[in-house]
Visitor: 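Pasting in a structure now, in structure tokens, and then I'll have a few things to ask.
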Amino acid sequence: MPSAGAAALAWALFWLLAPPPALPDPLEPKKNVEQKDAVFDRIYSDWVAGDTLNIYAFNHTVLRNRTEGVRVSVNVLSDHKDLPVLFVVRQKEAVVSFQVPLILRGLYQRKYAYQEVSRTLCQPQTKVEVETQHFFVDVSTLSLNASYQLRVTRVENFVLRTNEAFTFNATASQPQYFKYEFPDGVDSVIVKVTSAMAFPCSVISIQDILCPVYDLDNNVAFIGMYQTMTKKAAITVQRKDFPSNSFYVVVVVKTEDEACGGALPYYPLSKRTSPDKPVDQHNRQKMLEVMVSPAITSEAYVNSMLFCLGIFLSFYVITVLIACWENCRQHKKKGLLAAMDSPSLDTASLLGHAHSIPDSFLGHAPYMGCGYGSFENGSSCSTEAITDSMGSADVSYGYVGERSLENVAGRPRLDSLSSVEEDDYDTLADIDYDKNVIRTKQYLCVADLARKDKRVLRKKYQIYFWNIATIAVFYALPVVQLVITYQTVVNVTGNQDICYYNFLCAHPLGNLSAFNNIISNLGYVLLGLLFLLIILQREINYNRALMRNDTHALECGIPKHFGLFYAMGTALMMEGLLSACYHVCPNYTNFQFDTSFMYMIAGLCMLKLYQKRHPDINASAYSAYACLAVVIFFSVIGVVFGKGNMVFWIIFSVMHIMATLLLSTQLYYMGRWKLDTGILRRILHVMYTDCVRQCSGPMYVDRMVLLVMGNIINWSLAAYGLLVRPNDFASYLLAIGICNLLLYFAFYIIMKLRSGERIKLIPLLCIIGTSVVWGFALFFFFQGLSTWQKTPAESREHNRDCILLDFFDDHDIWHFLSSIAMFGSFLVLLRCALKI
């Protein structure tokens, strides 16, 4: 009995101390799970509530050597935007979930709602020949009652075939993606996507075979390569970047068109409408066509590079052959020239000079090359080279002439740039020398009228070369670093909207995305180097002629200085280097790399033409490069702020006209005027004296005609810019420089002809040939394969296929032809124009 009482007591204590059983929470409804076996290609119209969970079980057979896409499409019929329906697809290796209405955000965090959603399921890999895989679609919501439709289908043509186009539709909530497998022997392919309609804007992405696939507007840029698209898109894909030898082509339609240059949709806002309320975009559908084609092979790369090298190295071969031919011809004429140089009356000895003036001008006919400007006679018409100041008076006739040895010895030898002074010729000895030249020489040459010391001018023009070499080094180093950074960003992020390539003809090599646009600039570098070698060879020959006291070298033409030519050759080489850097990643922020040295080339050519006629009157290197720096500065300002900016165009047009007037005054009066407070009074006085009192014509008629034509052209260009306001300000500014250069060159040729000289056959053919090459080059330039003045998607609408060796496009041919045309233009300035 006591033991029974103790047991009863223990049992009672257990019940008293035990916790009460848990009661069901009335706020948490019990889920009713309903699983259904489902089949493909059947529409399931059903409903779901907060206390139910619908599960649809699917199975399908997967083959190792065949891939089939599976697509889930849903449409929620209920209008409960605050209580969406959640769909979760559970697969073997991935889980895909999305809600309907699907909310996607646009610019300024705008919300767009979509009731119909379709998603392609990621396809897991299988290691067996045949495998049956199961996946489940779970449907749940917090709404009291939501009706929906569910359909699961197989995707036709999920695996793209080589060179076979496939057409499909896509929307923002119904993206599409397909699989492509590299065939054997193909290491690179180009994926081309086209559409007949520009909008809605879409995105093309190339992603590796991984789950999940990022196929929505808000996550498509997470991995892989991608670019926006209106009508055209093209991405070159290399096998080495995808270890599985396959990839996905993902096509997503964006919620807004702003990224492709389109207008933003109307977004209703009112007092009764919440700014965070989603907007229904209805049906933003786009029809597209995708095709995958093999890219070029490695043999095509080699052949194209050999073709490029062969073209420009042939110029070296031709130059060597011509040099050998001229050398042989010079040796044949040496005997004739020696026989013609017979002794004659030493007129200079009558004046008390120790050295005689070469007698070829005293008893023989004058040289025909000693006319207007810098004409020279002989087989090697362009003997312009830097006259070496040998320190002796007998080899410096053209500048110092027969000055007494005392005057020459009294001056320090000008061996450094710091000792250059341009006013050291205004002495009594110089005046006496000028009198001797005018009174004793039967025929005057241009060299006799050049008064500045040849050594001073030689140092002055050498500064052009050293300055541009310094500018090139400091300009190129940060440029190279910047474009390497750009290319690295493109490769790491996969954002191909950063660079404006011709994607239909962009052949990658290594880390470079468009190697063909870079290698095509090789002509500028090789031909610029060739031009420098030609200048060096002529300088050496000319200095040797001076050492021999060659009459032709001493007395014909203006003083020989090649500093500007060296600067021109260096500028041509730098144009090739910087153009190549620009085409590493052409875009809005580095456009000036491609144009800066074009401005310099145009300016140096005009300075060289002016120097041929005015050896003693020319701009210093510092002022010339300062003016070119101002031009480049305005080019940057115009591109950044000039698009559609009326205020900028008014200011620029006024400055353009004022600069034209100031330069015209400088050229007309040959620098003999001052810009001060009395300039307006002097202008009125000249106008009153010349136009009212005596109505006389201009003192320098030829010069006035040139300047009037130049002002008409520049004023017309200024008016065009003000009225039209072209988007490409850099090209517009370059066109101004080229027009002025062509005008001045035409004036130069006309004045040669007016001076009684005739155009010989070889120079004429050279000028015509260069003009023809320029014409073809400009034709290819204006094809406009891309433009950074538009959005990347709009720029791709101008893309075209390769037209030369399946490797080079129209712009590459522009590089080839323009480099040849610039080289020919330099030769016209150096050689051909001198034979007129």
Visitor: Have Thr153 and Asp41 got a donor and an acceptor in their side chains that come within less than 3.5 Å?
Guide: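 The answer is no; no qualifying pair exists.
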Visitor: Examine distances only and state if a side-chain atom of Thr141 and a backbone atom of Pro84 form a donor-acceptor pair shorter than 3.5 Å.
Guide: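 It does hold such a pair.
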Visitor: Output yes when a side-chain donor or acceptor of Tyr500 lies under 3.5 Å from a complementary backbone atom of Arg796, and no otherwise.
Guide: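 No: the side chain of Tyr500 does not pair with the backbone of Arg796.
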Visitor: Please tell me if the side chains of Tyr226 and Val250 come closer than 4.5 Å, counting only heavy atoms from C-beta onward.
Guide: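 No, side chains not in contact.
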Visitor: Does a side chain donor of either Thr52 or Asn32 reach within less than 3.5 Å of an acceptor in the other side chain?
Guide: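 Asn32 and Thr52 do not have a side-chain donor-acceptor pair below 3.5 Å.
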Visitor: Show your working on ring-ring contact (aromatic ring centres under 6.0 Å, His included) between Phe807 and Phe307 and close with a plain yes or no.
Guide: CA-CA 11 Å; Phe807 191 83; Phe307 171 80; over 10 Å; no
Visitor: Going through the checks in order, is the salt bridge (charged side-chain N to carboxylate O under 4.0 Å, His left out) test met by Asp809 and Arg800?
Guide: CA-CA 8 Å; Asp809 60 14; Arg800 296 182 185 176; over 6 Å; no
Visitor: Testing the 3.5 Å rule here: is there a donor-acceptor pair between the side chains of Asn59 and Thr132?
Guide: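 The criterion, which ignores hydrogens and geometry beyond distance, is not satisfied for Thr132 and Asn59.
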Visitor: For Phe816 and Phe780, what are the C-alpha separation, side-chain angles and deciding distance, and is it a ring-ring contact (aromatic ring centres under 6.0 Å, His included)?
Guide: CA-CA 10 Å; Phe816 292 149; Phe780 287 102; over 10 Å; no
Visitor: Pairing donors with acceptors under 3.5 angstrom, does anything connect the side chains of Tyr114 and Gln174?
Guide: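 Gln174 and Tyr114 do not have a side-chain donor-acceptor pair below 3.5 Å.
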Visitor: Could you check whether any side-chain heavy atom of His583 comes within less than 4.5 Å of a side-chain heavy atom of Asp594, counting everything from C-beta outward?
Guide: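 Sidechains of Asp594 and His583: in contact.
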Visitor: Side chains of Gln176 and Asn169: closer than 4.5 Å at any heavy-atom pair?
Guide: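 No; the side chains remain at least 4.5 Å from each other.
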Visitor: Please evaluate residues Ser579 and Tyr524 with respect to the criterion side-chain hydrogen bond (donor to acceptor under 3.5 Å, both in side chains), reporting the C-alpha separation (whole Å), side-chain torsions for both, the decisive distance (0.1 Å), and the verdict.
Guide: CA-CA 9 Å; Ser579 179; Tyr524 296 106; 5.6 Å; no
Visitor: Hey, are Asp215 and Arg119 close enough for a salt bridge, meaning a charged N less than 4.0 Å from a carboxylate O?
Guide: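 Arg119 and Asp215: salt-bridged.
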Visitor: Do Gln487 and Ser513 pass the side-chain hydrogen bond (donor to acceptor under 3.5 Å, both in side chains) test, and can you show the C-alpha distance, the side-chain angles, and the key distance before you say yes or no?
Guide: CA-CA 8 Å; Gln487 185 67 72; Ser513 299; 2.8 Å; yes
Visitor: Any donor-acceptor pair under 3.5 Å linking the side-chain atoms of Asp217 with those of Tyr112?
Guide: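 No - no donor-acceptor pair under 3.5 Å links their side chains.
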Visitor: A side-chain contact here means heavy atoms from C-beta on lying under 4.5 Å apart; do Leu86 and Val139 qualify?
Guide: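 Contact flag for Leu86/Val139 side chains = no.
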Visitor: Distance from Asn516 atom CG to Leu509 atom CG, nearest 0.5 Å?
Guide: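 The CG atom of Asn516 sits 10.5 Å away from the CG atom of Leu509.
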Visitor: Just by distance, with hydrogens left out, do Thr120 and Arg71 show a side-chain donor and acceptor under 3.5 Å apart?
Guide: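 Indeed, the side chains of Thr120 and Arg71 share at least one donor-acceptor pair under 3.5 Å.
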Visitor: Hydrogens and angles aside, do Ser205 and Tyr214 bring a side-chain donor and acceptor to less than 3.5 Å of each other?
Guide: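 Judged by distance alone, the side chains do not pair up.
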Visitor: Between Thr230 and Glu794, is there a side-chain donor-acceptor contact under 3.5 Å, judged purely by atom types and distance?
Guide: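 Result is no, nothing qualifies.
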Visitor: Any donor-acceptor pair under 3.5 Å linking the side chain of Ser78 with the backbone of Ser147?
Guide: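 A pair under 3.5 Å: yes.
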Visitor: Keeping the roles fixed (side chain from His507, backbone from Asp806), state whether a donor-acceptor pair exists under 3.5 Å.
Guide: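 Yes, His507 side chain to Asp806 backbone: donor-acceptor pair under 3.5 Å.
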